[in-house]
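See below for the structure under consideration.
Everything numeric here is computed off the predicted structure, so don't read it as measured data. Just so it is clear: chains get the letters A, B, ... in the order the sequence lines come, proteins before strands, and each one is counted from 1.
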There are 2 protein chains.
Amino acid sequence: MQLSETVEWGLHACLALAMMPDGARIPARALAEYHGIKPSYFSKAMQRLVSAGIVRSIEGRSGGLAMARPAEEVSLLQIVQALDDSGGFFRCTEIRQKGPCAAASKHYRAPCTIARVMHKADAAWRRVLSETSLADLRHATTQELIPGVSEATEAWLKETGAVRGL
Amino acid sequence: MQLSETVEWGLHACLALAMMPDGARIPARALAEYHGIKPSYFSKAMQRLVSAGIVRSIEGRSGGLAMARPAEEVSLLQIVQALDDSGGFFRCTEIRQKGPCAAASKHYRAPCTIARVMHKADAAWRRVLSETSLADLRHATTQELIPGVSEATEAWLKETGAVRGL
DNA sequence: GTCGGGCTACTCGGATATTGGCTGTCCGAGTCTGACTGG
DNA sequence: CCAGTCAGACTCGGACAGCCAATATCCGAGTAGCCCGAC
């Protein structure tokens, strides 16, 4: 089982948005091209982030995308869940109640032992992601820049005029 | 995103097998019926556990399934990975190297910050499951038995003659 | 009575359809920009 | 010179196909047990 590829896209996109100065916005098409992603499906992922209140979309001719909240108030878990949420990896279908030897459903109040362990693992996974904010990610990324990328990015943004609102 | 339903089946099946006395075996068909699962696809899940070395299959007329190893030596992670393994939930496709502003691939030795956090979350998930053995699960289950199920199970097994090899 | 052989029934294992959801694409509604026109 | 108006182009958002993997099913190869017959 694997997370949707849109999760990776959304994380990189949010990281890029969080690095832009306040008030700036960039069209989804340009953001996709910058990451080498096909824009059509990428915009669908951004839609989900918008409806989740993480990303803000500005319409119109010089519109684009921007973070809706400060990076400090956005956890990676929120991003991931907005893009690929099924309420946890493990879903207990209560098969212990389904066999020919099951008791009355009245007796199955507490979750079964298997579900408890699996949900504990799910919680551990979510915990790591909820404890990391987008600002943490941004800080770590700026600490280990790849040589030349910042300059190339700035030049590319200037050349294409993708960033607006400054 | 969600784990395959076969994971739940496999966990319950292994728990049931681990509760049987040594030397006993039960056909996959009976094990599926006991859990209220359609046998056809269930057997495919059991196949994977067999090829992973977790479950042993005895062929022939009075054949069936049994644990291949003691329950103490089987972690839940092994069961889950045998049934639904994709090498972790998050897969980094290195999109940071794919845009028009990427540097030479020589400079991307270390994993990117996003992948690092996601892999850390994956590790936390796997850790919980690797620290729980099937014997732990069996112990916890016997501590909180549902009233009447043990008796009904024993009667059903005797009635259908599903268990062999005693 | 005992041993051997063959038959039967039952098991697992893999080859084969089917379905649901993620992936990928497109076009329409809405809106901001910018220029043009009139005062 | 300035304000109002209008056309234009570009944006997001949702509706519409395609494809892959998980699901579901079936049948065949193989084996252990059991019955029968011969010695």
Under 3.5 Å, which donor-acceptor pairs do the side chains of residues 140-148 of chain A form with other protein atoms, sequence neighbours left out?
| from | atom 1 | to | atom 2 | distance (Å) |
| --- | --- | --- | --- | --- |
| A/Thr141 | OG1 | A/Leu137 | O | 2.7 |
| A/Thr141 | OG1 | B/Thr113 | OG1 | 3.0 |
| A/Thr142 | OG1 | A/Arg138 | O | 3.2 |
| A/Thr142 | OG1 | A/His139 | O | 2.8 |
| A/Glu144 | OE1 | B/Arg116 | NH2 | 2.8 |
| A/Glu144 | OE2 | B/Arg116 | NH2 | 3.1 |

Side-chain polar contacts of residues 32-45 of chain A - donor-acceptor pairs under 3.5 angstrom, sequence neighbours left out - could you list them?
| from | atom 1 | to | atom 2 | distance (Å) |
| --- | --- | --- | --- | --- |
| A/Tyr34 | OH | A/Thr153 | OG1 | 2.8 |
| A/His35 | ND1 | A/Leu31 | O | 3.0 |
| A/Ser43 | OG | A/Ser40 | O | 2.8 |

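In plain terms, the two heavy atoms of B/Arg25 and B/Gly64 that are nearest each other are CB-C, 4.1 Å.
Residues satisfying the side-chain hydrogen bond (donor to acceptor under 3.5 Å, both in side chains) test with A/Arg61, not counting sequence neighbours, are none. The side-chain hydrogen bond (donor to acceptor under 3.5 Å, both in side chains) search around B/Ser57 returns none, not counting sequence neighbours. For the side-chain hydrogen bond (donor to acceptor under 3.5 Å, both in side chains) test, no residue two or more places apart in sequence or in another chain qualifies with A/Ser75.
Rounded to whole Å, atom C1' of C/dT18 lies 13 Å from atom OH of B/Tyr41. Remark: P of D/dC20 and CD of A/Gln2 are 16 Å apart, rounded to the nearest angstrom. Taking atom CD1 of B/Ile37 as the reference point, atom P of D/dT23 lies 12 Å away to the nearest angstrom. Atom C1' of nucleotide D/dA24 and atom CD of B/Glu5 are separated by 12 Å, given to the nearest angstrom. Atom CG of B/Asp84 is separated from atom P of D/dA21 by 13 Å (rounded to the nearest Å). In this entry the distance linking CG of A/Leu49 with P of D/dG13 reads 11 Å, nearest Å. Distance, B/Met1 CE to D/dA21 P: 17 Å, rounded to whole Å. In this entry the distance linking CZ of A/Arg91 with P of D/dT23 reads 12 Å, nearest Å.
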Pairs under 3.5 Å (N/O, protein and nucleotides 11-16 of chain C):
| from | atom 1 | to | atom 2 | distance (Å) |
| --- | --- | --- | --- | --- |
| C/dT11 | OP1 | B/Arg164 | NH2 | 3.4 |
| C/dT11 | O4' | B/Gly60 | O | 2.9 |
| C/dC12 | OP1 | B/Ala28 | N | 3.1 |
| C/dC12 | O3' | B/Ser57 | OG | 3.4 |
| C/dG13 | OP1 | B/Ser57 | OG | 3.2 |
| C/dG14 | OP2 | B/Gln47 | OE1 | 3.0 |
| C/dG14 | N7 | B/Gln47 | NE2 | 3.1 |

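One finds a side-chain N or O of A/Ser4 lying less than 4.0 angstrom from the OP1 or OP2 phosphate oxygen of C/dT23.
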